[in-house]
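Scroll down for the structure; my scribbles are underneath it.
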Number of protein chains: 2
Amino acid sequence: MSIIFSRQCEYALQAVTYLALKPAGEMTSIKELAKKLDIPYHFLGKILQDLVYKGLLMSQKGPTGGFALGLPATEITLFHIVEAIDGVGFNTNCVLGFPECSGKNPCAVHDSWGEYREGIYQMLVKRNIAEMAKAMKKPEYAAMRR
Amino acid sequence: MSIIFSRQCEYALQAVTYLALKPAGEMTSIKELAKKLDIPYHFLGKILQDLVYKGLLMSQKGPTGGFALGLPATEITLFHIVEAIDGVGFNTNCVLGFPECSGKNPCAVHDSWGEYREGIYQMLVKRNIAEMAKAMKKPEYAAMRR
DNA sequence: TTAATTTAAGATAAAATTATCTGATTACTA
DNA sequence: TAGTAATCAGATAATTTTATCTTAAATTAA
Ligand code: SF4
Ligand code: SF4
């Protein structure tokens, strides 16, 4: 069960973090990403295409082709990825599912939820992929750490 | 787009809050709830049945029948409802979608995410339906406030 | 130039979630 | 007792999300 991000978005976060551990300029194939991260091959392909379109990744066809970061790892925040895949709904929608979340006439959880939401938002905006990659200790990533 | 709770769960939270504003002992029909809260009739029926099964609501058939709280409003927390409908995955799962979220070898967001998660959990555990109902100022609920 | 490898793109399928339909059961009321 | 109104329960449908399949296009290397 996904928490606040869609499956697609989770895959995107995992894959981009993986790419950030690669030497600059090196291309990584969908095949490698899909195998190492246990993500469905073609589904991942679509997601990566999307991120290329949004400018967060670059790609190249043919042998030796693949995907790489489209910006320096320090300039890609988690929010960039979440925004590209899931949009910004979590930042504006009512947590109880009411049509809109206006500040006036707040319910009992409005304010505290607002704080957590803002905190999560700040976390996404402040953390970049370079930090994620550096701290990432998952075995899937371990082999490539230099 | 739902944030952290499923659509079902959002509907449940809305409906139970609505019921908490009713005089004790009064039964409310699915029809009324569905109309006032703009929730699909039969879908809501299923959800309410579920909550009855879990003991959070009670029901009665026949004319003058309907649904009412199964416990005092002060004893039904938001967490009770979320747990009944969505389970507790948001409390244990990795926010990035990795198979498990263990404390050892944390990634760059593990700790801060853990804080928000704990905060949200506390919010759900501490807030009960009576508080929600009291503070609820949505027009859908306004007519019944006494 | 040809074969191999990789992304790109569109169609299709499967699964999960959300929503609807139908009939049965229960209980109140006249 | 008959009629009505409500929940209960199971089947079905629609929608969304996730996953797969197929072919084309690009690029490299032999
Ligand atoms: S006040 Fe509460 S119910 Fe109303 S929009 Fe904000 S979070 Fe939702
Ligand atoms: S450390 Fe980070 S990536 Fe690892 S399980 Fe916890 S939240 Fe997920």
Side-chain angles (χ1 to χ4, degrees), chain A residues 1-16 19 22 25-70 82 85-87 89 93 97, chain B residues 1-15 19 22 25-70 82 85-87 89 97:
Chain A
M1 185 190 99
S2 61
I3 308 185
I4 49 179
F5 308 130
S6 70
R7 199 87 154 247
Q8 276 193 58
C9 191
E10 292 177 346
Y11 290 161
L13 290 164
Q14 295 177 22
V16 177
L19 291 177
K22 291 280 185 168
E26 184 173 325
M27 299 305 242
T28 306
S29 69
I30 302 176
K31 193 163 79 178
E32 176 180 339
L33 285 160
K35 179 180 285 182
K36 286 286 178 56
L37 300 175
D38 193 29
I39 299 173
Y41 182 91
H42 292 90
F43 194 38
L44 180 57
K46 302 287 188 197
I47 298 168
L48 297 180
Q49 275 178 45
D50 221 14
L51 294 174
V52 169
Y53 177 77
K54 302 264 170 57
L56 298 175
L57 297 183
M58 53 175 298
S59 67
Q60 196 180 19
K61 289 183 180 177
T64 78
F67 293 86
L69 300 184
V82 171
I85 304 291
D86 278 352
N93 295 0
Chain B
M1 186 190 99
S2 63
I3 307 186
I4 49 180
F5 308 131
S6 70
R7 198 87 154 248
Q8 276 194 59
C9 191
E10 292 177 347
Y11 290 161
L13 290 164
Q14 295 177 21
L19 291 177
K22 291 280 186 169
E26 183 174 326
M27 299 305 241
T28 305
S29 68
I30 302 177
K31 192 162 81 177
E32 176 180 339
L33 286 160
K35 180 180 285 183
K36 286 286 177 58
L37 300 175
D38 194 28
I39 299 174
Y41 181 91
H42 292 90
F43 194 37
L44 180 56
K46 302 287 187 198
I47 297 168
L48 297 180
Q49 275 178 43
D50 219 15
L51 294 174
V52 169
Y53 177 78
K54 301 266 169 57
L56 298 175
L57 296 183
M58 53 174 300
S59 68
Q60 196 179 19
K61 289 183 178 178
T64 78
F67 293 85
L69 300 185
V82 171
I85 304 289
D86 278 353

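All values reported here derive from a predicted model rather than from experimental measurement. Sequence lines set the chain letters: A, B, ... in the order given, protein chains first and strands last, and positions in each chain run from 1.
Under the rule for a ring-ring contact (aromatic ring centres under 6.0 Å, His included), the partners of A/Y11 that lie at least two apart in sequence or sit in another chain are A/F43. Annotation: side chain to side chain contact (heavy atoms under 4.5 Å, CB included) contacts of B/K35 (sequence neighbours excluded): none. With sequence neighbours excluded, no residue satisfies side chain to side chain contact (heavy atoms under 4.5 Å, CB included) with A/T64. Evaluation of the side chain to side chain donor-acceptor pair (under 3.5 Å) rule for B/S6 yields B/D86 as partners, not counting sequence neighbours. By the side chain to side chain contact (heavy atoms under 4.5 Å, CB included) test, B/Y53 is found to be paired with no residue, residues two or more places apart in sequence or in another chain being considered. Looking at residues two or more places apart in sequence or on another chain, you find a side chain to side chain contact (heavy atoms under 4.5 Å, CB included) between B/D50 and B/K54, B/I85.
End-to-end axis angle for the helix from C/dT1-D/dA30 to C/dA30-D/dT1, using five pairs per end and rounding to 10°, comes out at 10°.
Regarding A/L57, its CG atom lies at a distance of 15 Å from the C1' atom of C/dA8, rounded to whole Å. Between the CG atom of A/D86 and the P atom of D/dT16 there is a distance of 16 Å, given to the nearest Å. For the pair A/Q8 CD and D/dT17 C1', the interatomic distance rounds to 8 Å; values are reported in whole Å. Rounded to whole Å, the distance from CZ on B/F5 to C1' on C/dT18 is 19 Å. Per the geometry, CE belonging to A/M58 stands 17 Å off P belonging to D/dA26, to the nearest Å. The interatomic distance linking B/I39 (CD1) with C/dT20 (C1') rounds to 16 Å, in whole Å. One interatomic measurement links the two molecules: CD1 of A/I85 to P of D/dT17, which rounds to 13 Å at whole-angstrom precision.
The side chain of B/R7 places no N or O atom within less than 4.0 Å of a non-bridging phosphate oxygen (OP1 or OP2) of D/dT15. OP1 or OP2 of D/dT7 sits under 4.0 Å from a side-chain N or O of B/Y41. Between C/dA19 and B/Y11, a contact under 4.0 Å exists linking OP1 or OP2 to a side-chain N or O.
When all heavy atoms are compared, the tightest approach of A/A15 to A/L37 is CA-CD1, 3.7 Å.
Considering A/T28, A/L33, A/L56, A/V16 in turn, A/L33 is the only one that fulfils the side-chain contact (heavy atoms from CB on, under 4.5 Å) rule with A/L48.
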Nucleotides 25-29 of chain C: which of its N/O atoms have a protein N/O under 3.5 Å away?
unit_1: C/dT26; atom_1: O4'; unit_2: B/K61; atom_2: NZ; d: 3.4
unit_1: C/dC28; atom_1: OP1; unit_2: B/Q60; atom_2: NE2; d: 3.2

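Atom CD of A/Q49 sits about 10.5 Å away from atom CG of A/L44, to the nearest 0.5 Å. Between A/K46 atom NZ and A/I30 atom CD1 the span is 9.5 Å, to the nearest 0.5 Å.
Taking the nucleotide of DNA chain D with the nearest heavy atom to each of A/G65 and A/P40, the more 5' of the two is matched to A/P40.
Near DNA chain D, meaning a heavy atom under 4.0 Å from it, residues 42-54 of chain B has B/K46, B/Q49 in order of number.
Two residues are said to be in side-chain contact when any heavy atoms from C-beta on lie closer than 4.5 Å; A/M27 and A/K22 fail this criterion.
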